[in-house]
Structures are given as structure tokens and as C-alpha cells.
Amino acid sequence: MSISTPAVVSKKQPARFLGLSRETLLQWYDDMLLVRRFEEKCAQLYGMGKIMGFCHLYNGQEAVSTGAVKGALNPDDYVITAYRDHGLAISKGVDPKAVMAELLGKYTGTTKGKGGSMHIFDREKNFLGGHAIVGGHLPIAAGVAFASKYRGEKRVCLCFMGDGATNIGEFHESMNLAALWKLPVIYIIENNMYSMGTSVERSSAVENMTKKALAYDMRSEVVDGMKVLDVYEKVKAAVEQARETYEPSLLEIRTYRYRGHSMSDPVHGHYRTKEEVEDRKKHDPITLFADLLKSGSLITDDELDEAEKRIKIIVNECVEFAENSPEPPREELWKDVYYGE
Amino acid sequence: MSISTPAVVSKKQPARFLGLSRETLLQWYDDMLLVRRFEEKCAQLYGMGKIMGFCHLYNGQEAVSTGAVKGALNPDDYVITAYRDHGLAISKGVDPKAVMAELLGKYTGTTKGKGGSMHIFDREKNFLGGHAIVGGHLPIAAGVAFASKYRGEKRVCLCFMGDGATNIGEFHESMNLAALWKLPVIYIIENNMYSMGTSVERSSAVENMTKKALAYDMRSEVVDGMKVLDVYEKVKAAVEQARETYEPSLLEIRTYRYRGHSMSDPVHGHYRTKEEVEDRKKHDPITLFADLLKSGSLITDDELDEAEKRIKIIVNECVEFAENSPEPPREELWKDVYYGE
Amino acid sequence: MAVVSLREALNQAMDEEMTRDDRVFLMGEEVAQYNGAYKVSQGLLAKFGAKRIVDTPIAEAGFTGIGIGAAMAGLRPIVEFMTWNFSLVAYDQIVNHAAKMLSMSGGHFHVPIVFRGPGGAAHGLGATHSQSLEALYAHIPGLKVVMPSNCRDAKGLLKTSIREENPVIFIESEVMYGDKGEIPDQEYTIPLGVGEIKREGSDVTIVSWSKVLAHVVLPSVEKLEQELGVSIEVIDPRTIKPMDYDLIVASVKKTNRLVIVEEGWPFAGVGGQITYELSKRAFDSLDAPIERVTQEDVPLPYAKVLEKASLPNFEKIKRALEAVLYKN
Amino acid sequence: MAVVSLREALNQAMDEEMTRDDRVFLMGEEVAQYNGAYKVSQGLLAKFGAKRIVDTPIAEAGFTGIGIGAAMAGLRPIVEFMTWNFSLVAYDQIVNHAAKMLSMSGGHFHVPIVFRGPGGAAHGLGATHSQSLEALYAHIPGLKVVMPSNCRDAKGLLKTSIREENPVIFIESEVMYGDKGEIPDQEYTIPLGVGEIKREGSDVTIVSWSKVLAHVVLPSVEKLEQELGVSIEVIDPRTIKPMDYDLIVASVKKTNRLVIVEEGWPFAGVGGQITYELSKRAFDSLDAPIERVTQEDVPLPYAKVLEKASLPNFEKIKRALEAVLYKN
Ligand SMILES: Cc1ncc(C[n+]2csc(CCOP(=O)(O)OP(=O)(O)O)c2C)c(N)n1
Ligand SMILES: Cc1ncc(C[n+]2csc(CCOP(=O)(O)OP(=O)(O)O)c2C)c(N)n1
Ligand SMILES: [Mg+2]
Ligand SMILES: [Mg+2]
């Protein structure tokens with residue numbers, strides 16, 4: 001995804017930009033915007049019946065995927081998450097065209113149309129899914145980190161989960177094993193305050209998720225998920241820690257989901273008010289980041305418009321690519337059941 | 001189980017006896033001694049091949065069952081535990097004859113010979129087993145407490161587990177649900193320092209088990225499991241709390257297992273030394289209690305000998321009853337598969 | 001006779017039984033405030049309150065165990081799995097605890113509990129969210145497995161299941177919740193273990209249940225009869241365990257041919273069991289080997305073309321009928 | 001040819017494969033310091049160290065998932081369940097993750113992993129500790145299920161399973177660990193999916209596997225032949241999935257009679273599947289309905305008399321043979 005590099009070499013930035021170059025910051029802005037527009041397009045296509053099944057959008061949580069994945073990781077680090085996976089996949093470098101094709105059930109999709117929205121995978125990008133059984137991927141993440149340590153590599157695994165996932169047994173087993181064996185995995189709770197229609201206070205005995213780390217003497221921190229640079233900084237610190245010492249972390253990133261749980265669920269209802277949602281949107285991670293960039297005069301309104309245009313083109317290319325791709329051949333039904341058979 | 005009541009009415013006891021009558025204290029002594037001698041007899045019968053399968057003895061942990069179950073509970077309170085269940089069943093008032101008959105697979109056993117050592121049940125005594133899948137009974141205990149609260153009763157459920165059981169997912173789910181819904185269940189970890197051959201430090205990220213309660217903002221306390229009165233006092237406090245406010249607790253009772261994990265496992269080996277075991281036996285809960293009673297001149301050496309005789313008779317009666325009981329009839333195979341069919 | 005949706009039929013069954021017996025309560029994810037992920041519990045929170053309509057965290061093993069414990073202590077829980085796929089994290093609770101409690105306790109504690117929710121494939125839900133798991137539960141002694149195919153059966157069987165003293169696995173289908181059908185106006189129940197002839201016929205018997213019966217078999221029968229020139233009898237066991245073998249045997253003694261259509265996987269599936277029992281009980285009546293149409297032995301893919309190719313459909317059923325009729 | 005115990009045969013297989021490929025490691029409860037609850041991993045910690053012989057807490061879902069993740073990242077884990085009964089708390093990990101990963105990821109990630117440990121009944125272990133769960137795993141596409149009945153097969157099949165690129169369910173038997181048998185001195189492997197005729201015969205075929213084959217069927221055959229005056233062919237599929245149907249069909253075409261003896265429960269068990277396939281593939285060769293001898297459809301009780309009455313035994317097999325031979 002190319003961006004217009006400034007002619008002039010960017011002079012030293014103020015401290016709040018953490019010494020990141022203007023180019024990097026603008027790339028992150030593009031990444032967040034791409035995820036936002038990509039998801040909006042998905043909503044459209046779902047409405048048109050072109051995307052089937054369960055489709056969980058990332059709107060509102062973009063600062064997490066960009067700051068944590070695009071920002072804090074090396075390409076050979078691993079990422080694994082649950083079904084709300086489009087944004088994290090894109091921030092990890094998975095081709096958005098292939099993601100869109102997957103959503104349309106096409107042969108050119110990330111998994112040839114087999115996994116769908118909830119199961120984006122890309123071996124080359126070290127993106128390990130997209131998992132639809134809540135909590136099921138948590139021990140798997142520890143296993144990936146186990147393999148990295150086993151081989152003496154310095155690759156870490158970033159494992160994302162929702163607030164609701166912290167109440168299932170595998171959360172406990174994974175945290176205990178990761179802490180006990182010192183596995184280089186960073187568990188990230190994307191606390192968007194709700195598990196479908198159930199608020200954190202109605203599902204968890206503790207509302208402060210970092211308290212859950214106390215049962216394992218595990219390193220933990222609260223992160224402002226609406227501020228991409230706060231996400232970057234704190235995830236980066238956890239990643240460095242895991243790289244150097246294999247010590248795992250549990251990070252609670254406070255964020256918010258703009259849409260309904262999945263495309264088949266209402267945006268608001270018994271569980272949260274329209275007002276709450278509107279109010280949260282006033283602290284939009286993309287707008288906040290744009291304002292921050294402007295405050296350092298790193299971007300102009302014209303450049304913001306350019307970005308919009310750039311992203312619009314990319315998203316349209318994704319749809320075009322997906323629409324024009326073939327469906328998987330019938331024989332595919334029998335492939336990938338047993339490896340090499 | 002009758003005991004010789006003193007002719008003279010016992011005068012006021014020193015504070016360390018918690019205002020308990022001599023009669024009560026001596027009954028507790030008998031209870032601990034009975035569990036000890038009962039288990040020793042089981043070891044003998046197992047060696048003779050009269051008890052089959054897995055048989056997990058309670059030797060060393062007697063102060064827990066007596067102080068917590070016989071001491072702190074009402075008859076209509078519930079008790080549920082894992083497979084190491086003989087002592088807890090006896091302290092809850094389950095007829096030791098029926099327990100012994102069960103171990104010998106007889107029709108007069110607690111479950112007609114169907115459950116065996118790991119599955120002692122007694123509806124009348126509110127003893128809910130005896131469960132052999134580690135952690136499996138933890139949510140069930142919460143469900144029993146749920147029913148008690150649902151009916152507005154003041155009955156609590158005492159749920160025992162081993163230190164190893166705290167690492168399985170159901171521990172987490174049960175603790176969270178009990179704390180979230182305020183269920184009158186007291187979770188008791190019988191921390192005997194080992195899960196089979198695995199020490200706590202090799203299986204749990206935290207060695208202080210009460211830290212596990214922090215993840216649920218749950219009331220917790222450490223208890224000296226070698227001191228029956230400490231067990232009684234602290235369990236009693238947790239029980240009162242649950243009775244009055246439905247608030248659950250997690251208690252870590254530090255105790256020690258004298259025998260191997262089960263009759264088919266070695267007493268010591270790679271995982272613990274002979275010296276460690278011998279050393280621990282120097283702080284035997286029964287001897288400690290006897291010394292305490294003597295220190296208050298509540299019992300004489302002669303009375304201790306009488307107790308031994310009394311218990312020996314009871315245990316022999318158990319064996320005699322079991323030996324002379326019939327095996328279950330073949331038709332029993334088809335009973336209790338579907339209720340009322 | 002009122003016409004209701006299957007969703008309403010199930011809702012009425014729970015409503016009536018909760019009204020009748022206050023030991024009955026409903027527990028599961030999103031069953032209360034959200035009125036159910038698929039709205040099957042619509043209105044029950046408002047009517048019965050939070051004490052009896054209980055929202056749970058995502059902790060299937062935990063709330064399944066709570067249901068079992070509550071049942072042992074005298075309540076009669078209905079545990080809803082948002083879908084049966086998620087019951088697999090609670091599988092040990094159901095198999096090693098609910099199913100065995102009565103036997104292990106030598107009769108001391110029985111477990112009157114209903115586990116219910118949608119099973120099977122919907123549209124584009126992928127491998128983990130499209131499973132027909134009846135065989136995994138019917139294999140286990142101590143459990144009963146119920147799978148209704150229409151509104152009348154659903155209501156009558158759910159009411160009976162709630163009154164049942166043993167653990168019942170009650171498997172619905174999310175794509176059937178909107179199906180409409182007539183139900184009697186006065187109260188009724190339907191016994192477990194009793195199948196029903198959904199369509200009389202004389203030349204060949206089809207045994208099928210739940211969604212694949214309602215949405216694939218029955219809508220295809222007339223066309224199949226015309227194209228094959230035969231009369232087809234369709235039997236719905238309604239209860240998978242205990243299975244109403246007598247009804248199937250009687251039909252096969254008449255038609256001499258049997259095709260089993262199920263949505264589950266083939267290997268060690270329910271159809272294999274029916275084949276074994278029928279080949280014993282009707283050996284001399286069978287003029288052709290029993291044929292089965294099942295989901296293909298693969299994880300169900302997302303793409304529509306592959307999903308379709310994997311599930312039972314008209315063509316596959318026709319081929320199976322041709323096979324038992326020696327028409328190919 | 002050296003004579004070893006089945007325990008040693010399995011130990012050798014792991015030892016040789018770990019020596020051959022350092023991506024292979026063993027993980028489970030008590031496998032390291034304790035040398036295995038049943039001593040199958042005896043000496044491996046001393047030889048390979050704590051990095052490759054890993055003791056776990058009691059967290060089956062957790063360490064099963066760790067195995068799956070490690071396999072996705074390029075290692076080749078052997079996960080030991082102390083007994084298969086405890087795998088049920090990890091059932092979702094195996095069914096929804098290990099088995100489906102390759103398909104859900106469209107070929108991106110395969111899961112080369114072996115899950116092994118003892119299954120079936122021992123003596124007086126009761127309902128939760130005596131289960132033969134092969135049907136629950138064979139039902140799931142994406143898994144292979146292996147159940148050896150002697151030392152030679154156990155070693156050869158385990159080595160192949162460790163080299164296999166797909167998840168393998170490898171079910172042993174604790175009461176067989178002491179069984180002695182000959183194994184070749186030079187290295188060898190045995191392919192999955194290939195059964196073996198354990199005993200040639202001409203009048204009736206018995207298909208059986210694992211412990212019930214080794215401890216009940218084979219020791220009874222001669223007596224059964226004498227008492228019934230027939231010649232019995234005994235087939236051991238060795239692998240439950242994929243099942244070597246051709247071998248069974250060939251035998252039945254010769255004997256025209258089939259009895260399946262399995263330790264699992266009857267309903268939707270493996271024998272039901274074999275019955276379905278055989279009644280299709282050998283319909284005209286079968287002179288009698290296929291008979292099955294299984295564990296009774298009840299949770300296995302503790303008392304010896306009841307345990308015995310529940311499991312397959314000489315009398316039950318004899319009755320089944322008489323039935324297919326029309327001798328009653
Ligand atoms: C074991 C299991 N139980 C239930 C579900 C159904 N389900 C899917 S997502 C979800 C809510 C998860 O909420 P959270 O973990 O907070 O993640 P979020 O959707 O907010 O990103 C539920 C209940 C499931 N997929 N798996
Ligand atoms: C789910 C499960 N995994 C493994 C086992 C085998 N097992 C039985 S007891 C035990 C050790 C439990 O130790 P702990 O919880 O400390 O209790 P203790 O025996 O010390 O009383 C193990 C691993 C089991 N029964 N269930
Ligand atoms: Mg959430
Ligand atoms: Mg212990």
C-alpha cells in the first residue's frame with residue numbers, strides 16, 4: 001500500500017510522536033483508514049447478500065490493529081485472533097484483495113473460500129487466523145510461542161481476544177501455562193465493553209481486566225485503545241520484554257465496537273443505548289489520530305482528502321478483484337481434509 | 001459414633017479451644033482417628049486385592065475433613081469433592097460400613113458397588129460425591145449453591161479440590177460464576193503440595209493459592225491444615241459469610257498427603273524425598289490435636305488408648321459388614337442408567 | 001389449531017412448563033436481556049424475571065456444570081447452547097457428569113436437565129459453526145437425544161423433555177426457527193422414543209429427521225416419486241435415542257427398501273446404527289442394501305458452492321433411491 | 001526378533017523418532033520426572049532432557065492447544081493423555097481446531113500431531129475411567145484413529161503416526177502395557193489404513209481390534225472353533241479411520257458371515273459403520289445379518305461382577321457366532 005512521501009525530509013518531531021518518522025505515521029493513518037473503509041464496504045456487500053454467514057466488523061477498534069500489529073511487530077512475528085479478524089489481518093500485511101475475495105467465497109480468497117470471514121489465514125504473513133470458537137485460539141497462541149522458544153528464535157506471538165473470552169476456561173489454562181513456562185506470547189484483551197449483548201460487569205467478576213493477571217503473577221497494563229500511539233508504545237514494550245526474556249504479558253486495551261456484534265446483530269438495543277454509541281464515536285481513533293498529526297502539522301486537510309481517495313481506490317480494487325474471481329471448483333471440497341492426500 | 005462422656009460437667013475451657021465443649025472436641029478426635037484407621041485398613045485390603053481400581057487415601061489430611069465438615073457445617077449443608085473422598089464422606093456422617101462395602105464392590109455399599117472408591121455418594125447426608133474427572137465437580141458445586149439461593153435457603157456448599165485442580169479451566173469458570181452471581185459455595189483447596197508427582201511450583205504460576213482469588217475479587221484465606229481448630233475456625237467464618245450474604249470464599253488449606261497419590265503410586269520418588277515425608281509426619285494432625293487436648297487436660301493417655309480401641313472395633317465392624325455383604329445382582333447392570341426406567 | 005413459527009412453538013413450551021413448575025429455569029448466553037441470540041426466549045425475561053431467565057458469561061463448561069448441580073439439588077434447568085457447536089467445550093460435563101451421575105451414584109442423584117439449542121448447518125457459517133453432532137451424544141448411555149422436524153413435534157417434545165427425569169439433548173435448527181406450522185390449541189405433549197410416519201408410501205422407505213427432513217426430504221418427495229415412478233414412505237423418528245426401530249422395521253417389511261438421510265458425518269453416524277439394527281431385524285425383508293445420504297466426510301467449507309456440494313440434496317437422495325430400487 | 005513389552009515397544013517408537021527428528025517432543029501429565037503414569041515414557045527425560053519431555057499441569061485443553069499451535073509453527077508434538085477419558089475436556093481443541101485447521105485455513109496450516117494414551121476399561125476404574133472412545137474421534141473428518149493390538153503393530157504404527165502430517169488419535173490400553181511380543185530388530189514402520197489377518201479361517205469372520213482382540217477374541221478362538229466346529233478368520237483393522245474395508249470384504253466374500261467385537265458402546269459405534277459398509281459392499285455374500293458384540297449400553301460400574309457382565313466376553317462372542325451360523 002503506497003503513500004505519497006513528502007518531498008522535504010521531515011525534521012525532528014515533538015516527543016509525543018515517539019520519534020516516529022512522518023512517513024511511518026502517515027502509513028499508520030492509511031492503515032487505520034483502510035481498515036475502516038474496508039469494513040464499511042463489507043457492511044454494504046453483506047447487505048447485498050454477497051457476504052454470507054457471520055461477519056464481525058472492526059469499526060472503532062482500528063487503532064488496536066494498526067498500533068499493535070503494523071506498529072509494534074516484525075514481519076516474522078505471529079498474530080492470531082478470534083473471528084473479528086479483517087482489520088488485524090490487513091494490518092499484518094495480508095492482501096486486502098484476498099481478504100475481500102474470501103468474504104465473497106472466492107477461490108482467490110485467503111483460504112480459497114473455505115474459511116470465510118471468521119477464518120482469515122496467511123502462512124507467509126504469519127497470520128494464524130481467524131478462530132470462531134471463543135477462547136479456542138488462546139492455548140494455540142501459547143503453542144506457537146512454545147515453538148518459537150523451542151527453536152531459540154526471538155519471534156513473539158500476539159494473541160488477541162475479546163473481553164468476553166476472558167471468562168472461559170482456556171483463558172485460565174493458557175495464562176497459567178504461558179506464565180509458568182515463560183512463553184513469548186502477548187495476550188491482548190480488546191475490551192470493547194461487550195460480549196455480544198453482555199456487558200463486562202454482567203460477565204466478569206472483575207471489571208479491571210488486568211486483575212486477571214494477578215492470578216499468574218503476569219506482567220500487565222491498561223492501554224487506551226483509541227490512541228494508536230499509546231497502543232504502539234505499550235504493545236512494543238511488551239513485545240520487547242517477550243523477545244528479550246520470553247516473559248509474557250496481558251494487556252487490556254480499552255476500545256469500542258461501533259457496529260453490532262455481527263452483521264446480524266443490532267448496533268444498540270437492551271444492552272447499550274444509541275446515545276452511548278454516538279458519544280463514543282466522538283472519540284474516534286481515526287479522527288483523534290488525524291488531529292494529532294495536524295497538531296504537529298504532519299498532515300494537511302488536503303492530504304487527508306488524498307488519503308481518503310487513495311483508500312477508496314484500494315477498497316474498490318478489492319471489490320473488483322473479488323467480484324471477478326472464480327468460485328472454488330467442486331473438487332476443492334475434498335482437498336485440505338488430510339494434508340498431502 | 002458414641003464416646004464416653006465425662007461424669008463431671010466440663011468447666012470453662014481456655015480460649016484456644018474456641019469455647020467448644022470437651023465432648024465435641026473428643027468427638028472430633030474420634031472422627032480424625034476413625035478416618036486414619038479406616039484408610040490404613042483400606043491400604044491393607046487393597047494389598048490383599050479386595051479393593052480394586054484407583055484408591056486415593058486421606059492419611060495426613062484428617063484435620064481438614066473433621067474441622068471443615070464435621071466441625072463447621074450443618075447436616076443440611078452440602079459437601080462435594082474429588083476422588084480422595086473417604087475421609088470427607090465419613091466426617092459428613094456417611095456410614096463407614098457402607099463406605100467400606102462400596103470399596104469391596106458390595107451391594108450394601110454407598111452406591112451398590114457402582115461407584116467404588118472415587119464415587120462415594122449419600123443423598124440423605126447431602127454428600128454429593130466423589131468425582132474422578134479433575135475439576136469436573138467445581139461448577140457442579142456452584143450449581144448446588146445456585147439451587148440453594150434460588151430457593152432462598154441458607155444451605156451452603158463446601159467444595160473440596162486439590163492444588164492441581166486449580167490449573168484446569170473449570171476452576172476459572174466456577175470461581176468467576178460463583179463470585180459474579182454471589183453463590184453460597186466455599187471452595188477449599190486441599191493444598192497437599194503435589195498433584196501426583198508434580199509439585200505446585202511446577203504446575204501453578206503462583207505458589208500462594210489465595211492469589212488466584214484476586215482475579216475474581218473473591219474472599220480468601222490461608223489455613224493451617226494440620227490444626228483441626230484452625231480449619232474449623234476459618235471454614236466456619238467462610239460458611240457464616242456465605243449463609244448470611246451468599247458471598248463465596250476460596251480457602252487454601254495447607255496439608256500433606258502421607259501416602260502415594262493412589263495405592264498404585266509410590267509414597268516418595270523423584271518428586272519428593274523419604275526425608276520430606278518423614279519430617280512432615282512429625283507434625284501429624286492427630287498427634288498435634290491429642291497434645292492440644294492433653295495441654296488442656298481434656299484427655300488422658302488412658303482415654304487415648306480407649307479411643308484407639310473404640311475405633312479399632314468400628315473399623316473391624318466395617319470390614320466384617322463389607323466382607324459378609326452380597327455382591328450386586330447382575331440385573332443391577334441395567335438399573336440407574338435412566339431414572340425410573 | 002393455531003399457526004405458529006417453530007421459534008414460537010419452543011417459546012410456548014418453555015413458557016408453559018415454567019408456569020407449571022417453578023423449579024424450571026432457563027440459563028445460557030444472551031437468553032435474557034437479548035431475548036436469545038435467535039430470539040427463542042423472546043419475552044421470557046419480562047415474564048419470569050432474572051431469577052429464572054439467566055444470562056451467562058461465555059463459560060459453557062461452567063454453566064453446564066451449574067445446571068447439573070442445580071438439577072442434583074432439585075431444580076429442573078433448561079440450558080441453552082447458543083449453538084450446539086459450542087457444547088463441545090462442555091462435552092466432558094455432559095458425557096462424564098450429566099450422563100453418568102445416576103449410575104455412578106447408584107441411584108442417589110438423577111439429573112433432570114434439558115440441553116437445547118440449534119444444531120446443523122445454516123448458510124456460510126463454516127466448519128466450526130455448522131455441525132450436526134447427534135451421533136456424539138446418542139453414543140453416550142444415560143442421555144436421550146431429541147430432534148424435532150416441525151412445530152407441533154417441537155412443542156410437544158420439548159414439554160416432555162422438560163418433564164423428563166433424565167438429561168435430554170434437544171437439538172433444533174436455526175434455519176427452521178422461522179418455519180410455520182399448526183399446533184393444537186389445548187395443551188399436549190409427545191412421548192420420547194415414538195417416531196411418526198410423516199408420509200405414507202409403499203415402495204421405499206426414507207428415514208430422516210430434523211432440518212434435512214423438513215427442508216430437503218419432504219419438499220423433494222413428490223418430485224422424486226414422479227421422476228422414479230415409486231411411492232415413498234417417510235419416517236421421522238423424532239427421537240434419535242431411544243430410536244423407534246419398530247416403526248422403521250414395520251415400514252421396511254412393507255417396502256423392502258431403506259434410505260437414511262441425515263445431516264451428520266457418515267463415519268459412526270446415527271445411520272450406521274439404524275443400518276445395523278435393521279439389517280438384523282429385517283434381514284429377509286431387505287431387497288437391497290440400505291443406502292445412506294449424509295454430509296460428506298469433510299469439515300463444512302464457507303463458500304456456497306462447496307457447502308451445497310457437501311450437504312444432502314435432491315440429487316444425492318435420488319441416486320440413493322435409484323440404488324435401492326436397482327434403477328441404475 | 002526381540003521380545004519386548006508393549007510399553008517398551010511404544011517407548012522405542014518415541015525414542016527412535018525423537019532421535020531421528022528433533023522437532024518431535026513429548027508433552028503430558030507426569031511424562032517426564034514421573035517417567036509416565038504408566039511408565040511408557042520411562043527414561044526419555046534422562047535421554048532427551050526437559051526441553052523435549054515436558055511435564056504439564058492438569059490442563060488438557062491448554063496443553064492440547066499448545067500442541068496444536070506448536071505443530072502449526074513447525075514442530076511435531078506427541079501429546080500424551082494420562083488416559084483418553086481425560087481428552088474429553090480437550091475435545092473441542094481436537095475436534096474444532098486440530099481436525100479442522102487444514103481445511104479452515106485452506107491449506108495454509110496443517111497439524112502434524114499425535115495424541116496418545118491408554119483407552120478402554122482396566123479393572124474397577126468405574127464409569128469415567130473405563131471408556132472406549134474411538135467412535136467419538138473416528139466420527140470427525142480430519143482425524144485418523146489408530147488402535148494397535150500387539151507390540152509389533154504398536155511400534156510400527158506409532159512411528160508412522162509420528163511421521164504423519166495429520167492429527168492422529170493413537171489409542172493404547174493400560175492392561176496391554178505389560179503384554180509381551182516379538183518385534184523386528186531392524187527399523188520398520190507400518191502404514192496407516194492397512195489391516196491384518198491375525199488368524200486365517202474359512203467359515204466365519206471376526207473383526208476386532210485393540211485390547212478386546214488381544215485379550216478376549218484371540219485367546220478364545222481355538223475354544224470357539226472346537227465348541228462350534230467351525231474355522232474362524234480374525235481380522236484386525238489396526239487403524240479405525242481410515243478403515244481397511246477391502247480386507248474385511250475379501251474375508252466376508254470367503255466366509256459369508258461377520259461378527260464385530262468392540263469394547264465401545266453400541267449406539268453409533270464403529271461396528272455400526274462397518275456393518276453399513278459391508279452390507280453395501282458384500283450384500284450378496286452375507287448369509288446372515290452381521291452381529292456385533294459391544295460393551296453394554298451403560299456407564300461401566302465398579303463392582304467386578306457388573307464390570308464383567310458389561311464387557312465383551314467369551315459367552316457373548318459365542319452367542320454372536322451361533323447367531324450368524326444359525327446354530328441356535
Ligand atoms: C465457546 C463459544 N461460545 C459461544 C460462542 C458464540 N459467540 C461468538 S462471539 C461471542 C461474544 C464474544 O465477545 P468478546 O469475547 O467480547 O469479543 P467481541 O465480539 O466483543 O470482539 C459469542 C458469545 C462461540 N463462538 N464460542
Ligand atoms: C481432567 C483430568 N486429568 C487428569 C486426571 C488424572 N489425575 C487424577 S488425580 C490427578 C492429580 C490431582 O492432584 P490434586 O488436584 O492436587 O489432588 P490430590 O490428588 O493431591 O488430592 C490427576 C492428574 C483426571 N482424573 N482428570
Ligand atoms: Mg467484547
Ligand atoms: Mg494435591
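These numbers were taken from a predicted model, which means no experiment stands behind them. Chain letters run A, B, ... following the sequence lines, proteins first, then strands; residues in each count from 1.
- More than 12 heavy atoms of other residues, nucleotides or ligands lie within 6.0 Å of CZ in A:Phe321, so this atom counts as buried by the packing criterion.
- Residues C:Gln33 and A:His270 approach most closely at O-CG, 3.2 Å, considering heavy atoms.
- The closest side-chain heavy-atom distance from A:His119 to C:Tyr302 is not below 4.5 Å.
- A 6.0 Å sphere centred on NZ of A:Lys125 holds no more than 12 heavy atoms belonging to other residues, nucleotides or ligands.
- Contacts of C:Phe63 with chain A are absent, with no heavy-atom separation under 4.5 Å from either backbone or side chain.
- The two residues A:Ala132 and C:His129 make their nearest non-hydrogen contact at O-CE1, 3.1 Å.
- Residue with the most contacts toward chain A among C:Thr56, C:Leu300, C:Val305: C:Val305 (heavy-atom pairs, distance under 4.5 Å).
- Neither the backbone nor the side chain of C:Ala122 comes within less than 4.5 Å of any heavy atom of chain A.
- Across A:Gly105 and C:Ala303, no two heavy atoms sit closer than the pair O-CB, 3.6 Å.
- Taking CD of A:Glu327 as the reference point, atom CG of C:Leu306 lies at 8.5 Å (rounded to 0.5 Å).
- The number of heavy-atom neighbours closer than 6.0 Å to CD of A:Glu124, taken from other residues, nucleotides and ligands shown, is 12 or below.
- For NE2 of C:His123, the number of neighbouring non-hydrogen atoms (other residues, nucleotides, ligands) closer than 6.0 Å is 12 at most.
- Between chain A and the residues C:Asn85, C:Asn35, C:Leu125, the largest count of heavy-atom pairs under 4.5 Å involves C:Leu125.
- When side chains are defined from C-beta on, C:Ile58 does not count as touching A:Met196, because their heavy atoms never get closer than 4.5 Å.
- Chosen from A:Met52, A:Arg330, A:His261, the residue pairing most often with chain C at heavy-atom distances under 4.5 Å is A:Met52.
- Counting heavy atoms from C-beta outward, A:Ile168 and C:Glu60 have side chains that approach closer than 4.5 Å.
- Ranking C:Lys308, C:Glu307, C:Glu30 against chain A, the residue ahead of the rest is C:Glu30, based on heavy-atom pairs under 4.5 Å.
- Looking only at heavy-atom pairs under 4.5 Å with chain A, the residue among C:Gly62, C:Ala32, C:Pro299, C:Ser310 that has the most is C:Ser310.
- Atom CZ in A:Arg202 sits 4.5 Å away from atom CG in C:Asp55 (nearest 0.5 Å).
- Top candidate by heavy-atom pairs under 4.5 Å with chain C, chosen from A:Ser264, A:Ser195, A:Ser204, A:Gly136, is A:Ser195.
- Defined by atom type and a distance below 3.5 Å, a donor-acceptor pair is missing between the side-chain atoms of C:Glu29 and A:Thr198.
- Residue with the most contacts toward chain C among A:Gly109, A:Cys55, A:Gly135, A:Gly116: A:Gly116 (heavy-atom pairs, distance under 4.5 Å).
- Counting heavy atoms from C-beta on, the side chains of A:Asp265 and C:Tyr34 come closer than 4.5 Å.
- Options A:Pro266, A:Gly169, A:Ser117, A:Gly113 differ in how many heavy-atom pairs under 4.5 Å they form with chain C, and the most are formed by A:Gly113.
- Atom CZ of A:Arg123 has more than 12 heavy atoms from other residues, nucleotides or ligands within 6.0 Å.
- Looking at A:Asp336, neither its backbone nor its side chain comes within 4.5 Å of chain C, counting heavy atoms on both sides.
- For a residue to count as touching a neighbouring chain, one of its non-hydrogen atoms must lie under 4.5 Å from one of that chain's; by this rule A:His131 does not touch chain C.
- Counted within 6.0 Å of NZ on C:Lys304, heavy atoms from surrounding residues, nucleotides or ligands total 12 or fewer; the atom is thus considered open.
- Between chain C and the residues A:Gly269, A:Gly164, A:Pro328, the largest count of heavy-atom pairs under 4.5 Å involves A:Pro328.
- Ranking A:Leu104, A:Thr111, A:Leu103 against chain C, the residue ahead of the rest is A:Leu103, based on heavy-atom pairs under 4.5 Å.
- A 4.5 Å side-chain heavy-atom check between C:Glu296 and A:Trp334 finds at least one atom pair inside the cut-off.
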